[in-house]
Amino acid sequence: MIAILASMILAAAAPPQPRAADGQCHAGVANEIAVRITGFRSRAGQVRVRLFGGATSTYFDKKQALVRIERPVPASGAVTICVVAPKPGLYAVDVRHDENGDGKTDKSDGGGTSGNPRISLFDMLLSRKPDPAKVQFPVGAGTTIVPVTLMYLDGGTFKPIRASD
């Protein structure tokens, strides 16, 4: 009984480990992924980051996202959103810039994935996913930095838009 009480007191006294569930980066968080997003066409709307792991066939399936964070696009400055992977391993992320903030995917939205693979209009129309080997990245005990450049529909192609970040 005394041992149980002692362990409860020690557990209550220990500070909780910070988690990046809020999208903020925190020092000392294991398996943290800092997604650095560039190429915003505008600073309007919302930005969403999703984390995928496990079987590569489930990458980018919205029902299989391990973590989903949405927040307003800041008016200026670098945009880094941190997520925490459940354990070390191989993962992929996708990012969507919901420029008009309506919560729906439409042709004004920008997007990108880890590895920044080229995506064609036909890929989108046929719902083809990028090659897992191009989008996967390893996550270890510390912080993993993953750059993602947003692409937008321009004519018949998806490409980065030159904009100030």
Side-chain angles (χ1 to χ4, degrees), residues 11 14-41 45-74 78-153 157-160 165:
Q17 182 180 11
R19 302 299 288 168
D22 58 1
Q24 302 296 314
C25 298
H26 302 281
V29 174
N31 311 323
E32 184 176 65
I33 303 159
V35 182
R36 292 192 177 157
I37 308 162
T38 59
F40 285 91
R41 180 167 55 192
Q46 298 277 324
V47 62
R48 179 198 70 205
V49 174
R50 297 185 301 184
L51 175 69
F52 299 90
T56 58
S57 61
T58 65
Y59 285 4
F60 312 122
D61 177 345
K62 68 181 177 181
K63 293 180 182 173
Q64 299 297 320
L66 301 173
V67 177
R68 176 188 168 122
I69 295 175
E70 250 183 276
R71 50 193 269 208
V73 177
V79 178
T80 299
I81 296 179
C82 287
V83 297
V84 176
K87 62 184 179 181
L90 292 173
Y91 294 91
V93 296
D94 73 358
V95 177
R96 182 182 79 180
H97 175 207
D98 182 8
E99 194 170 24
N100 61 14
D102 67 356
K104 300 175 186 173
T105 301
D106 51 51
K107 65 182 181 179
S108 71
D109 293 345
T113 66
S114 44
N116 294 307
R118 290 185 57 93
I119 298 172
S120 73
L121 184 57
F122 287 113
D123 292 334
M124 294 301 289
L125 293 173
L126 299 174
S127 298
R128 289 191 289 219
K129 297 177 183 180
D131 179 358
K134 293 183 179 181
V135 297
Q136 278 184 327
F137 55 90
V139 172
T143 298
T144 303
I145 298 170
V146 177
V148 174
T149 302
L150 295 172
M151 294 186 285
Y152 295 84
L153 184 60
T157 62
F158 285 96
K159 61 185 180 182
D165 290 316

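Computation of the quantities below employed the complete heavy-atom set of this structure, encompassing side-chain atoms and omitting hydrogens, waters and symmetry-equivalent molecules.
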- CZ/Phe40 to OG1/Thr149 distance, rounded to the nearest 0.5 angstrom? 10.5 Å
- Message: Could you check whether any side-chain heavy atom of Pro88 comes within less than 4.5 Å of a side-chain heavy atom of Val139, counting everything from C-beta outward?
- Response: no
- Message: Measuring from atom CD1 of Ile81 to atom CD of Gln24, what distance do you get when rounded to the nearest 0.5 angstrom?
- Response: 9.0 Å
- Task: Indicate the atoms forming the closest heavy-atom contact of Tyr152 with Ser108, along with that distance.
- Result: CD2-O, 3.8 Å
- Note on the structure: Across all chains, not counting sequence neighbours, the side-chain contact (heavy atoms from CB on, under 4.5 Å) partners of Arg128 are Ser120, Phe122, Asp123, Leu126
- Query: Can you list every salt bridge (charged side-chain N to carboxylate O under 4.0 Å, His left out) pair that touches residues 107-118, not counting sequence neighbours?
  - Reply: none
- Taking side chain to side chain donor-acceptor pair (under 3.5 Å) as the test, write out the residues that go with Thr144, two or more places apart. none
- Message: Just so I know, are the side chains of Val79 and Pro74 near enough to count as touching, which here means a heavy-atom distance under 4.5 Å?
- Response: yes
- Would a distance-only check, ignoring hydrogens and angles, find a side-chain to backbone donor-acceptor pair under 3.5 Å from Ser114 to Val93? yes
- Do Pro147 and Thr38 have side-chain heavy atoms sitting under 4.5 Å apart? no
- Atom of Ala92, atom of Phe137 and distance for their closest heavy-atom approach: CA-CE2, 3.6 Å
- Working to the nearest 0.5 Å, report the span between CZ of Arg41 and CD of Glu99. 4.0 Å
- Message: For the backbone of Arg48 and the side chain of Asp98, can you confirm whether one donor and one acceptor N or O come within less than 3.5 Å of each other?
- Response: no
- Item | By side-chain contact (heavy atoms from CB on, under 4.5 Å) - contacts of Thr80 (at least two apart) | Cys25, Ala34, Arg36, Cys82
- Item | Set of residues satisfying side-chain contact (heavy atoms from CB on, under 4.5 Å) with respect to Pro72, sequence neighbours excluded | Gln46
- Query: Who are the salt bridge (Lys or Arg N to Asp or Glu O under 4.0 Å) partners of Lys134, not counting sequence neighbours?
  - Reply: none
- Message: A side-chain contact here means heavy atoms from C-beta on lying under 4.5 Å apart; do Thr143 and Val29 qualify?
- Response: no
- Evaluate the side-chain proximity of Val95 to Val47: yes if any heavy-atom separation is below 4.5 Å, no if none is. yes
- Query: Nearest heavy-atom pair of Tyr91 and Leu51: which atoms, and what distance?
  - Reply: CB-CD1, 3.7 Å
- Answer yes or no: is there a side-chain heavy-atom contact under 4.5 Å between Val49 and Ile33? no
Output side-chain donor-acceptor pairs under 3.5 Å for residues 56-66, partner residues at least two apart or in another chain, one line each.
residue: Thr58; atom: OG1; partner: Ala55; partner atom: O; Å: 2.7
residue: Tyr59; atom: OH; partner: Gln136; partner atom: NE2; Å: 2.9
residue: Asp61; atom: OD1; partner: Lys63; partner atom: N; Å: 3.1

- Item | Residues in side chain to side chain donor-acceptor pair (under 3.5 Å) contact with Arg96, at least two apart in sequence or another chain | Thr105
